[in-house]
*Asks:* 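Got a structure for you, written out below as structure tokens; questions coming shortly.
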Amino acid sequence: MGVQDSGSSADNEYPDGSVRLRNPHIQLMDQDILYHLALGSESHDLVSMFGDVKFVCLGGTPKRMEQFAFSIMDEIGHKLPAGTTLLDISRYSYRYSMYKVGPVLAISHGMGIPSVGILLHEVIKLMYHARVRDPIFFRIGTCGGIGIEGGTVVISEDAVDGLLRPTLELPVLGKLLQRPAKLDKKLARELKSLASAEDPYDTVTGRTMCTYDFYEGQGRLDGAFCDYTEADKMHYMTQIHKAGVVNIEMESLSFAALTHHAGIKAAVVCVTLMDRLKNDQVLAPKEVLDEWQSRPQILVSRYIKRYLSMKGRLSLDGPGGSMCVKSPRRFKLVQQESETYD
Ligand SMILES: O=P(O)(O)O[C@@H]1C[C@H](O)[C@@H](CO)O1
Ligand SMILES: O=c1cc[nH]c(=O)[nH]1
């Protein structure tokens with residue numbers, strides 16, 4: 001089966017900017033249960049809960065995405081009513097965590113292509129059911145750098161697999177389905193322009209390799225198994241570096257392919273945890289790693305703030321979030337009226 005290209009993300013969009021579902025079956029269903037998000041098209045009023053979403057930010061861990069939700073709340077001046085706090089909307093799924101701050105959704109995606117792929121199917125359907133128009137998706141992650149120091153921010157120009165192919169492959173009904181993994185080049189350039197000379201770290205753009213494994217799949221010498229030599233590893237690392245690969249992680253291929261197929265603008269911004277030409281293990285202390293992880297978030301926050309200020313929507317107060325209202329006996333989900341950010 002050849003690579004199915006659905007054109008550029010802009011070509012895929014409906015004229016009103018709504019998200020394209022390339023699945024005729026969904027419209028025929030009485031309800032659509034977004035099982036791993038603990039949401040449903042009949043059980044929840046998805047339009048009023050999520051209709052105002054503009055930015056969907058994904059990252060590996062629930063904690064990172066919770067921290068991002070709190071920090072973006074400060075950055076965009078979003079106020080919660082007194083006595084309330086942010087609530088994990090998908091907490092009863094026990095799979096992913098989801099926070100909503102006005103037009104921003106922050107969701108954890110777990111590790112690897114299968115996990116992010118399942119999430120993207122459901123988040124893209126969520127955008128469709130909620131009638132969100134022209135959402136922008138970001139992955140805010142960590143990675144290993146190649147020839148760059150730990151703590152460097154990498155904005156992906158494109159995503160390739162371990163064989164340097166820019167294609168997501170998935171066996172479907174006994175055949176290999178191939179989808180091009182394309183990211184929005186303009187969005188990547190805009191993000192790069194928001195890196196500041198004052199930042200005490202570098203922000204670079206380049207090709208990202210996405211693998212199916214952290215150890216052997218990324219040519220590490222420190223897994224439980226290793227059938228190659230250090231010289232073999234270094235040869236491979238040098239070859240992929242020459243092919244333009246500046247970092248390696250585990251989700252960009254699926255993220256790029258599924259967002260592109262849905263006509264959604266997307267970017268991947270990751271911080272490097274080490275230079276894989278020098279070592280394999282994550283040696284930086286916890287506090288350093290925590291600060292490094294905030295760097296992609298800072299860049300994406302700048303983009304969101306600039307976007308909202310250009311639209312005159314900064315300093316949001318009141319409506320547009322999901323929150324937890326403390327009552328003496330229980331926590332209650334409060335859904336607020338929606339605004340649109342287009
Ligand atoms: O967003 P995260 O930090 O989860 O991204 C990378 C790729 C894998 O998910 C994980 C491996 O440590 O980190
Ligand atoms: O080396 C690394 C670091 C983080 N995530 C990865 O996938 N690889």
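Computed over heavy atoms, backbone and side chain alike; hydrogens, waters and symmetry mates excluded. Counting convention: from 1, in listed order, for ligands and their atoms alike.
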*Asks:* Could you state the interatomic distance from SG (C57) to CZ (F68), rounded to the nearest 0.5 Å?
*Replies:*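 The SG atom of C57 sits 4.0 Å away from the CZ atom of F68.
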
*Asks:* Nearest 0.5 Å, what's the CZ-CG distance between R207 and N247?
*Replies:*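 Here the rounded value is 11.5 Å.
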
*Asks:* What do you reckon, does T142 have a nitrogen or oxygen under 3.5 Å from a nitrogen or oxygen of ligand 1?
*Replies:*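 For ligand 1, there is an N or O atom that lies under 3.5 Å from one belonging to T142.
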
*Asks:* What verdict does the salt bridge (Lys or Arg N to Asp or Glu O under 4.0 Å) test give for K63 and E66, after you've listed the backbone C-alpha separation in whole Å, the side-chain angles of each residue and the deciding distance to 0.1 Å?
*Replies:* CA-CA 5 Å; K63 196 71 204 166; E66 184 189 26; 2.9 Å; yes

*Asks:* Name the closest protein heavy atom to atom 4 (O) of ligand 1, giving the residue it belongs to and the distance to 0.1 Å.
*Replies:*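 It is G60 CA, 3.2 Å.
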
*Asks:* Step through the shown structure and confirm whether more than 12 heavy atoms of other residues, nucleotides or ligands are within 6.0 Å of CD on Q239.
*Replies:*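 Check passes, neighbour count above 12.
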
*Asks:* My understanding is that we take every heavy atom of each candidate and find the minimum distance to atom 5 (N) of ligand 2. Doing that for C210, C143, S252, G112, which one comes out nearest?
*Replies:*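 Result: the heavy atom closest to atom 5 (N) of ligand 2 is in C143.
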
*Asks:* Please state which protein non-hydrogen atom is closest to atom 9 (O) of ligand 1 and give its distance, to 0.1 Å?
*Replies:*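 Among all protein heavy atoms, the one nearest atom 9 (O) of ligand 1 is E251 OE2, 2.5 Å.
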
*Asks:* Please check if the distance between the ring centroids of F138 and Y303 is under 6.0 Å.
*Replies:*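 Yes - the distance between ring centres of F138 and Y303 falls below the 6.0 Å cut-off.
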
*Asks:* Relative to the heavy atoms of R64, which atoms of ligand 1 are at a distance of less than 4.0 Å?
*Replies:*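 Answer for ligand 1: 1 (O), 2 (P), 3 (O).
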
*Asks:* Below the 3.5 angstrom mark, is there an N/O of Q218, backbone or side chain, next to an N/O of ligand 2?
*Replies:*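 Right, the criterion is met.
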
*Asks:* Quick one: which ligand 2 atoms are inside 4.0 Å of a heavy atom on E249?
*Replies:*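 Within the 4.0 Å cut-off of E249, ligand 2 contributes 7 (O).
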
*Asks:* Please say whether more than 12 non-hydrogen atoms of neighbouring residues, nucleotides or ligands are located less than 6.0 Å from CD1 in I33.
*Replies:*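 Count not over threshold, so no.
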
*Asks:* Can you report which non-hydrogen protein atom sits closest to atom 5 (O) of ligand 1, along with the distance?
*Replies:*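 Scanning the protein heavy atoms, the shortest distance from atom 5 (O) of ligand 1 goes to R139 NH2, 3.0 Å.
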
*Asks:* Looking at F214, which atoms of ligand 1 are within less than 4.0 Å of one of its heavy atoms?
*Replies:*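 In order of numbering, the contacting atoms are 11 (C), 12 (O).
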
*Asks:* Would you mind running through ligand 1 and noting each atom that sits below 4.0 Å from a heavy atom of G141?
*Replies:*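 Listed by number with element, the hits are 1 (O).
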
*Asks:* Pull out every atom of ligand 2 sitting under 4.0 Å from any heavy atom of M250, numbered as shown with elements.
*Replies:*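 Answer, ordered by atom number: 7 (O).
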
*Asks:* side-chain hydrogen bond (donor to acceptor under 3.5 Å, both in side chains) with H36: which of H121, E122, R95?
*Replies:*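 Of the listed residues H121, E122, R95, the side-chain hydrogen bond (donor to acceptor under 3.5 Å, both in side chains) partner of H36 is E122.
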
*Asks:* Please classify the Q293 to ligand 1 contact at 4.0 Å (heavy-atom distances, strictly less than): side chain, backbone, both or neither.
*Replies:*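 The answer is neither.
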
*Asks:* Is there any N or O on R276 that sits under 3.5 Å from an N or O of ligand 2?
*Replies:*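 N/O-N/O distance under 3.5 Å: no.
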
*Asks:* Has R306 got more than 12 heavy atoms of other residues, nucleotides or ligands less than 6.0 Å from its CZ?
*Replies:*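 Above 12, so yes.
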
